[in-house]
Amino acid sequence: MCISQSRAQRQEGSDSPMQNLSRKFSTVPIHKLLPSQLHQHRPHPAEIFSEFQQRRKLLEHKLVAVLDGCAGLRQVKAVHGHLLLHGLGQCCYVLTKLIRTLTKLDVPMDAYPLLVFRQIKYPNPFLWTAMIRGYSIQGPVSESLNFYTCMRKSGVGPVSFTFSALFKACGDVLDVNLGRQIHAHTILVGGFVADLYVGNTMIDMYVKCGFLECGRKVFDEMPERDVVSWTELIVAYTKVGDMESARELFEGLPAKDMVAWTAMVNGYAQNAHPREALDCFERMQCAGVGTDEITLAGLISACAQLGASKYANWVRDIAEKSGFGPTENVLVGSALIDMYSKCGSLDNAFKVFQGMKERNVFSYSSMILGFAMHGRASAAIELFHEMLTTEIRPNKVTFIGVLTACSHAGMVDQGRQLFATMEKYYDVVPTADHYTCMVDLLGRAGRLEEALDLVETMPIDAHGGVWGALLGACRTHGNPDIAQIAANHLFELEPDSIGNYVVLSNIYASAGRWDEVSRVRKLMREKGLKKKPAYSWVETKKGVIHEFCAGETTHPEYTEIKKTLEDLLDRLLANGYQPNLDSAAYAVGDDEKTRILMSHSEKLALAYALLSTDSVSTIKIMKNIRICEDCHSFMCGASQVTGREIVVRDNMRFHHFHNGTCSCGNFW
DNA sequence: GTAGGGTTAG
């Protein structure tokens with residue numbers, strides 16, 4: 001027993017030279033010795049190395065923290081200089097951070113980062129990956145891939161982050177083929193395909209490239225998923241408008257966080273389902289999930305689509321209570337400006353704008369568009385000039401706003417001038433949407449030939465909007481010949497859009513060309529297209545919304561409505577109003593035309609509002625299609641004989657009727 | 001290292 005023990009001791013000693021050494025050295029940690037004791041003790045070398053390593057690690061961490069705080073290339077270079085000076089020029093950990101910092105500072109990879117990298121003798125996988133990621137962010141992606149190949153050749157194995165960086169690169173340049181190759185490679189290398197981050201970036205890559213089904217397949221095959229994987233796919237479905245699939249997936253998500261809920265709320269809002277967006281938000285609140293500015297942006301957009309002041313005030317209240325009020329938060333503020341404009345309260349929109357501490361191009365553009373939508377052209381243009389005195393540069397939407405303002409106010413020359421400066425001074429290349437505004441501008445002003453010429457000579461392809469603007473102008477100015485040209489293009493571009501057939505047929509009807517009217521109607525029948533029913537909505541005092549369809553007689557208070565309308569008509573006729581019979585595009589007698597005109601949904605809505613609201617409040621009516629000429633002059637007259645303010649939002653813009661005139665100046 | 005965002009025209 002005794003022998004075997006001593007043998008074991010001897011064996012232990014021979015196996016471990018360090019243990020042998022330890023008998024000759026002190027085991028007291030060096031930092032616990034007094035200076036006077038130092039010369040008597042001989043600290044163990046392992047301890048000295050360990051202490052050295054600890055200090056070095058601490059130093060490296062500190063350097064990484066310093067790099068994190070670097071604000072510019074000069075500071076990074078200074079750190080690098082110190083690294084070289086103190087023998088840390090080969091330290092992969094710190095240099096990885098250094099390269100990442102340079103990437104964050106947008107320093108071109110080929111310049112300084114590559115120089116740093118080339119000085120390293122033995123780069124570790126993280127350092128290689130920092131280079132791959134750098135090129136993946138800046139491009140070219142081919143270089144990113146080159147680095148990957150070199151890394152493999154040098155015998156360094158990848159880490160999961162390497163694949164994430166590569167997939168991100170493929171997603172950014174929309175190169176699904178390369179993505180597929182790397183996907184296959186990921187499987188080949190083994191292990192990484194099951195990694196959560198790798199899977200998530202792979203889903204993102206497929207989705208960005210437009211291969212949603214491939215992303216779904218990756219998702220379905222992932223051994224482990226988290227809320228990020230789910231949310232990526234949910235968003236992908238909302239972006240293609242497939243809210244049903246998004247909802248299905250969302251309901252199956254076990255732990256829904258704020259981002260996932262927000263994806264649903266905003267998905268509904270973006271796909272024109274404002275009620276569902278509101279419902280979803282209420283569920284989110286019941287689930288006790290917090291709200292931030294991004295959730296609010298979607299929610300506010302939903303309220304803007306509903307266009308009712310009841311919701312506008314409700315959502316504003318929520319924003320204030322969540323700590324994202326319009327004064328402090330530029331995102332929420334801009335969204336509220338847009339919402340108030342669309343709800344008909346231009347005053348509230350402007351109040352929000354004025355109260356904002358910080359403004360950006362969204363705030364200005366929304367406000368300019370608000371003014372334009374409400375016919376306040378000079379205010380829109382004034383604000384545009386005010387914006388130019390700040391550091392904020394206009395973008396393409398800002399120009400849509402000012403051009404629309406000019407167009408609705410008949411300011412042809414000013415509009416032309418602005419259009420000419422867009423690219424020259426502001427680097428905003430005109431898009432087909434801007435040409436739409438220009439065609440609208442010329443068209444409304446009656447310069448149909450010039451408008452046609454512009455469409456035919458514009459340097460980019462005209463889309464439906466451009467021809468549609470021309471067709472609309474032909475309606476206003478009664479030009480069936482140019483209308484036919486525009487319509488022919490529209491029938492090609494938008495074969496199933498019913499509105500174009502209706503407008504063309506109405507133009508022919510106004511010109512009394514009934515043969516042509518029947519021809520267009522026949523075309524509609526052949527295509528199986530049916531006229532969209534015209535609706536109007538009116539909000540009563542209690543915030544209840546009543547809907548009226550053209551020609552309907554089923555409202556419970558129809559008798560009173562009819563009586564009110566007849567009384568109003570009598571007063572208007574006495575005041576000089578004459579029904580615009582051209583607005584009833586049917587080959588029938590004048591009496592029948594008048595009867596049809598009196599059944600238009602906005603007139604019914606107006607009569608109901610007169611019946612059910614107090615005599616001082618503004619009447620707000622919303623419509624799903626453009627207001628006709630007859631209803632427009634009817635509203636003008638009504639605002640005069642009743643002394644009421646009437647606001648009508650049609651599918652184009654707002655009309656403020658006050659004392660016999662409209663804010664649109666009869667341009668719409 | 002991975003996920004949610006605002007204004008647009010006929």
Side-chain angles (χ1 to χ4, degrees), chain A residues 100 126 129-130 133 136 159-165 167-168 171 195-205 207 226-236 238-239 257-267 269-270 292-301 304 329-339 341-342 360-370 372-373 395-401 403-404 407 431-441 443-444 462-475 486 490 494 497 499-500 503 626 651-653 668:
Chain A
R100 281 197 197 169
F126 296 100
T129 304
R133 187 181 144 73
S136 83
V159 289
S160 59
F161 182 26
T162 319
F163 290 111
S164 304
F167 286 128
K168 184 191 176 317
D195 183 276
L196 180 60
Y197 284 124
V198 173
N200 284 350
T201 40
M202 219 183 319
I203 294 176
D204 194 49
M205 182 271 298
V207 164
D226 65 359
V227 64
V228 176
S229 339
W230 295 79
T231 310
E232 275 179 336
L233 263 193
I234 289 169
V235 170
T238 68
K239 291 265 155 81
D257 66 0
M258 182 166 72
V259 178
W261 278 104
T262 304
M264 284 305 288
V265 172
N266 290 342
Q270 284 158 9
D292 73 358
E293 47 171 358
I294 301 177
T295 324
L296 287 168
L299 189 65
I300 295 169
S301 154
N329 191 290
V330 66
L331 173 57
V332 170
S334 308
L336 281 175
I337 292 171
D338 174 56
M339 181 194 70
S341 306
K342 286 181 179 158
N360 62 13
V361 67
F362 288 95
S363 343
Y364 273 99
S365 304
S366 299
M367 196 62 241
I368 290 169
L369 278 160
M373 232 189 293
N395 66 13
K396 55 181 182 175
V397 182
T398 324
F399 279 103
I400 297 279
L403 291 176
T404 308
S407 153
T431 64
D433 296 336
H434 296 104
Y435 279 95
T436 302
C437 295
M438 289 308 290
V439 169
D440 195 48
L441 177 82
R444 274 176 209 275
H463 58 22
V466 181
W467 289 111
L470 188 60
L471 184 64
C474 292
R475 163 174 51 194
L490 282 165
E494 304 171 340
S497 175
N500 300 326
V503 174
R626 181 183 178 272
N651 59 339
M652 305 300 308
R653 51 166 297 143
W668 82 97

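Naming convention: chains lettered A, B, ... in sequence-line order (proteins, then strands); numbering from 1 in each chain.
- Rounded to an integer number of Å, the gap from K239(A) NZ to dG6(B) C1' is 13 Å.
- Remark: the T398(A) side chain and the N395(A) side chain contain an N/O donor-acceptor pair separated by less than 3.5 Å.
- Among dG1(B), dA3(B), dG5(B), the nucleotide with an atom closest to any side-chain atom of S160(A) is dG1(B).
- The residue S164(A) sits close to a base: some heavy atom pair falls under 4.0 Å.
- Taking atom CG of L470(A) as the reference point, atom P of dA9(B) lies 18 Å away to the nearest angstrom.
- The nucleotide whose nearest atom lies closest to any side-chain atom of D433(A) is, among dG5(B), dT2(B), dT8(B), dT8(B).
- On a pure distance criterion of 3.5 Å, no polar donor-acceptor pair joins the side chain of D338(A) and the base of dT7(B).
- What separates OH of Y435(A) from P of dT8(B) is a distance of 22 Å, to the nearest Å.
- On a pure distance criterion of 3.5 Å, a polar donor-acceptor pair joins the side chain of E494(A) and the base of dG10(B).
- Listed nucleotides: dG4(B), dG1(B), dG6(B). Nearest to the side chain of L331(A): dG6(B).
- Side chains of T295(A) and D292(A): a donor on one and an acceptor on the other come within 3.5 Å.
- When the P atom of dG5(B) is taken as reference, atom CD of E293(A) falls 12 Å away, rounded to whole Å.
- Spacing between atom CE of M367(A) and atom P of dG6(B) amounts to 20 Å, rounded to whole angstrom units.
- Remark: P of dG4(B) and CG of D204(A) are 7 Å apart, rounded to the nearest angstrom.
- For the OP1/OP2 pair of dG4(B) and a distance below 4.0 Å, the side-chain nitrogens and oxygens of Q270(A) include no atom meeting the criterion.
- Comparing dG10(B), dT8(B), dG5(B) by their nearest atom to the side chain of N266(A) picks out dG5(B).
- Side-chain atoms of S341(A) and D338(A) form no donor-acceptor pair, as typed in the model, at a separation below 3.5 Å.
- The backbone N or O of V198(A) sits less than 3.5 Å from a side-chain atom of T201(A), completing a donor-acceptor pair.
- The A263(A) side chain lies nearest to dG4(B) when the options are dG4(B), dA3(B), dT2(B).
- Residue contacts for V330(A): at a heavy-atom cut-off of 4.0 Å it reaches a base atom on one of the strands shown.
- Here the P atom of nucleotide dT2(B) and the CG atom of L196(A) are 12 Å apart, to the nearest Å.
- Regarding contacts with the backbone of dA3(B), every side-chain N or O of K168(A) stays at 4.0 angstrom or more from both OP1 and OP2.
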**Prompt:** Under the side-chain contact (heavy atoms from CB on, under 4.5 Å) criterion, do M438(A) and V466(A) qualify, and how do the steps go?
**Reply:** CA-CA 9 Å; M438(A) 289 308 290; V466(A) 181; over 6 Å; no
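- For R100(A), a side-chain nitrogen or oxygen approaches OP1 or OP2 of dG1(B) to under 4.0 Å.
- Comparing dG1(B), dG6(B), dG4(B) against the side chain of T295(A) picks out dG4(B) as the nearest.
- Side-chain to base pairing of T436(A) with dA9(B): no donor and acceptor N or O lie closer than 3.5 Å to each other.
- The side chain of D195(A) lies closest to dG1(B) when the candidates are dA3(B), dG5(B), dG1(B).
- Nearest nucleotide to the V228(A) side chain, out of dA3(B), dG6(B), dT7(B): dA3(B).
- Contact annotation: side chain of N200(A) to base of dG1(B), donor-acceptor pair absent below 3.5 Å.
- With distances taken from any side-chain atom of N395(A) to the nucleotides dG5(B), dT7(B), dA3(B), the minimum falls on dT7(B).
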**Request:** Start with the C-alpha distance between V227(A) and V259(A), add both sets of side-chain angles, then the distance that settles side-chain contact (heavy atoms from CB on, under 4.5 Å), and finish with yes or no.
**Result:** CA-CA 9 Å; V227(A) 64; V259(A) 178; over 6 Å; no
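- Across all their heavy atoms, L299(A) and N266(A) have their closest contact at N-OD1, 4.2 Å.
- Within 4.0 Å of G464(A), counting heavy atoms only, lies at least one base atom of the nucleic acid.
- For F362(A) and dG6(B), the ring-to-base geometry satisfies the stacking test (centroid distance below 5.5 Å, interplanar angle below 30°).
- Atoms CE (M202(A)) and C1' (dG1(B)) sit 14 Å apart, rounded to a whole Å.
- When heavy atoms are screened at a 4.0 angstrom cut-off, V397(A) is found touching base atoms of the nucleic acid.
- Checking the phosphate oxygens (OP1, OP2) of dG6(B), no side-chain nitrogen or oxygen of K342(A) falls inside 4.0 Å.
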